[in-house]
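Reading through the C-alpha cells given below for one structure.
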Amino acid sequence: MAVSDYQMVKAWDEVLKLSKVERGQTVSILCGPHTHPQTLQTATIAAQAAGAIVTRIELQPINAEKATSRDLMSYLGATPLTDNPAALAAMKNSDLVLDLMLLLFSPEQMEILESGTKILLAVEPPEVLVRAVPTEADRKRVLDASKLLKQAKRMHVTSPAGTDVTFQLGEFPVITEYGFCEEPGRWDHWPSGFLFTFANEGGSDGTIVIDRGDILLPQKNYVSDKITMNLSGGFVRSIEGDVDAALLREFMEAYKDPEAYAIAHIGWGMQPRCYWHTLSLMDREATTGQDARSFEGNFLFSLGPNNEAGGSRTTPCHLDIPLRNCTVALDDIVVVRDGKVIDEAFQ
C-alpha cells in the first residue's frame with residue numbers, strides 16, 4: 001500500500017520527538033543514490049519542522065566490485081565515509097545523524113558515536129516505517145528484557161527441528177534496539193524491536209538447525225530444506241544439507257575469510273508490528289529485512305563481525321538468521337518458549 005507524504009512526515013515527527021530533537025540542534029541526513037526519495041524528503045521536512053538545523057550529506061556508493069548483490073549489507077566494513085574526513089567531521093559535530101545510507105559495522109560509525117552524536121538508521125521502505133513507528137512501550141519492554149540478559153552467563157537454545165546450542169555470555173555488552181535514540185552516543189534502527197549480546201569468544205557449542213521457512217539475510221530467502229550447522233569453539237565447523245546449504249557455503253566461501261564463520265550476535269525479537277511473512281510480499285531489493293529480524297519470538301543469531309560491540313572482528317561477511325519455534329533459556333529462565341516471548345520472565 002502506498003504511503004502519503006503526510007503519513008511519513010507524521011511518522012518522522014513522532015520518531016524525532018522520541019529521539020529528543022529540539023529547536024536549534026543540528027541534524028545531518030546521510031544519504032546516497034539508493035536512498036528512498038520519499039523517506040529523504042519527509043525526514044528533511046520533519047527535522048526542519050522540529051526547529052533543527054538540517055544538512056544533507058550525500059555520498060557515492062563503493063564496494064560494487066566486491067559485493068555479490070545490491071543488498072546494503074552484502075559487504076560490510078569499508079563505507080562511502082571511509083577516507084572522507086570532511087563528511088566525518090560534519091557528523092561528529094551533529095546532535096543527530098539520520099542514516100538513510102547504511103553505515104553499519106564501520107569504524108567511522110563507532111567514531112561518530114564516541115563523539116556523543118546519536119545515529120538513527122532508517123533504510124526500510126516507507127510502508128514498513130509507517131507500520132512500525134516506535135513507541136515508549138516498545139522501549140520499556142525491550143529494556144525490561146535486557147536486564148535479565150545482562151545478568152545471564154549462559155544462553156541455551158533448542159527447537160523441534162533439532163537445534164540444541166549453548167552460548168557462554170558475559171564478555172560483551174547487551175545491545176537494545178527499539179527504533180529511536182534518546183541518549184547521546186546511542187545508535188538505533190527504525191524499525192526494530194529486539195535485543196542481543198555477543199557470545200563469548202570461543203563460547204558457542206552445539207547444533208543449529210535452520211528449518212524450512214526460516215530466513216537467511218542478506219539473501220532474503222525462506223529456506224526450503226533444512227540446513228544443519230555444527231558449532232564448536234565459537235565457530236561454525238560444518239554446514240550440512242541440500243541446495244540451500246550448498247548456496248550458503250558458497251556465499252560464505254566467496255569472502256575468503258575464516259572470521260566469517262564466527263558466531264556473532266545472539267538474541268530474540270520482540271516487535272509485534274513486524275511479521276515473519278512480510279518478506280514474501282516485498283521486492284527483495286526494496287528491503288534489508290527488518291521485519292525478519294524483529295518479529296516477535298524469533299531467535300536471531302548472526303555470523304561474522306563483532307566490532308559493533310567492541311570486539312576485534314571486522315569481516316565483510318555478515319549473516320543474520322532468524323529462526324522460528326525456538327525455546328530460549330537464560331541460565332534457568334525461559335524467555336522464549338516455542339517461538340512465544342514470555343513477558344512474565346522479565347517482571
Side-chain angles (χ1 to χ4, degrees), residues 61-80 82 102-107 157 159 161-167 196 198-267 279 284-285 287-289 292-293 298-309 311-323:
I62 63 171
N63 296 328
E65 77 285 2
K66 302 171 186 175
T68 55
S69 81
R70 290 169 57 90
D71 186 85
L72 300 178
M73 298 189 194
S74 65
Y75 197 93
L76 298 179
T79 76
T82 303
L102 200 143
L103 198 57
L104 273 175
F105 293 103
S106 67
V157 183
S159 76
T163 293
D164 190 345
V165 61
T166 300
F167 307 99
F196 59 88
F198 287 71
N200 294 352
E201 292 290 0
S204 305
D205 297 279
T207 301
I208 293 177
V209 178
I210 305 168
D211 202 3
R212 294 178 63 192
D214 291 334
I215 296 171
L216 300 178
L217 302 169
Q219 289 85 347
K220 290 172 280 194
N221 283 340
Y222 293 94
V223 169
S224 59
D225 49 65
K226 288 185 178 181
I227 302 172
T228 300
M229 291 183 169
N230 295 300
L231 282 60
S232 67
F235 282 77
V236 173
R237 304 299 178 177
S238 67
I239 301 173
E240 301 170 358
D242 203 339
V243 174
D244 284 333
L247 287 169
L248 181 57
R249 284 197 301 268
E250 180 170 301
F251 171 80
M252 298 181 71
E253 289 167 358
Y255 288 88
K256 298 179 173 59
D257 187 351
E259 298 281 21
Y261 298 86
I263 291 294
H265 61 74
I266 49 175
L279 191 61
R284 286 194 296 174
E285 288 194 356
T287 175
T288 61
R293 292 179 177 89
N298 76 53
F299 165 64
L300 177 65
F301 78 99
S302 78
L303 303 175
N306 65 2
N307 59 316
E308 184 181 8
S312 59
R313 284 196 308 277
T314 57
T315 174
C317 181
H318 178 63
L319 285 136
D320 281 340
I321 306 177
L323 308 183

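Heavy atoms only: backbone and side chains are in, while hydrogens, waters and symmetry mates are out. The shown structure was predicted, so the numbers you read here are calculated from the model rather than taken from an experiment.
- Between Ser302 and Ile266 there is no side-chain heavy-atom pair separated by less than 4.5 Å.
- The OG1 atom of Thr314 sits 8.0 Å away from the CD atom of Glu259 when rounded to the nearest 0.5 Å.
- Two residues are said to be in side-chain contact when any heavy atoms from C-beta on lie closer than 4.5 Å; Leu248 and Met229 meet this criterion.
- Taking 4.5 Å as the limit, some side-chain heavy atom of Ile263 sits within range of a side-chain heavy atom of Phe167.
- Expressed to the nearest 0.5 Å, how far CD1 of Ile239 lies from CD of Glu250 amounts to 12.0 Å.
- Tyr222 meets the ring pair (Phe, Tyr, Trp, His ring centres under 6.0 Å) test with Trp276; sequence neighbours excluded.
- Nearest heavy atoms, Ser312 versus Asn306: N-OD1, 3.1 Å.
- In this structure, the side chains of Asn298 and Arg293 stay at 4.5 Å or more apart for every pair of heavy atoms.
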Got a list of side-chain donor-acceptor pairs under 3.5 Å for residues 207-216, not counting sequence neighbours?
from: Arg212; atom 1: NE; to: Ser224; atom 2: O; distance (Å): 3.3
from: Asp214; atom 1: OD1; to: Arg324; atom 2: N; distance (Å): 3.0
from: Asp214; atom 1: OD2; to: Asp211; atom 2: N; distance (Å): 2.7

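- Taking the six-membered ring where the residue is Trp, Phe299 and Phe301 present parallel rings, their angle staying beneath 30° rather than reaching 60°.
- Side-chain atoms of Asn221 and Arg284 form a donor-acceptor pair, as typed in the model, at a separation below 3.5 Å.
- Lys220 approaches Leu217 most closely through the heavy-atom pair CG-CD2, 3.5 Å.
- Side-chain atoms of Cys317 and Tyr261, non-hydrogen and from C-beta on, never get closer than 4.5 Å to each other.
- When all heavy atoms of Ala264 and Pro305 are compared, the pair lying nearest together is CB-O, 3.4 Å.
- Residue Leu102 comes nearest to Thr288 through the heavy atom pair CD1-CG2, 4.4 Å, listed as atom of the first residue, atom of the second, then distance.
- Contact detail for Glu240 and Asn230: the closest heavy-atom pair is OE2-ND2, 3.3 Å.
- Ring-plane geometry between His318 and His265 is classed as tilted, the angle between the planes lying from 30 to 60 degrees on a 0 to 90 degree scale.
- A distance of 5.0 Å separates CG of Leu303 from CE of Met252, quoted to the nearest 0.5 Å.
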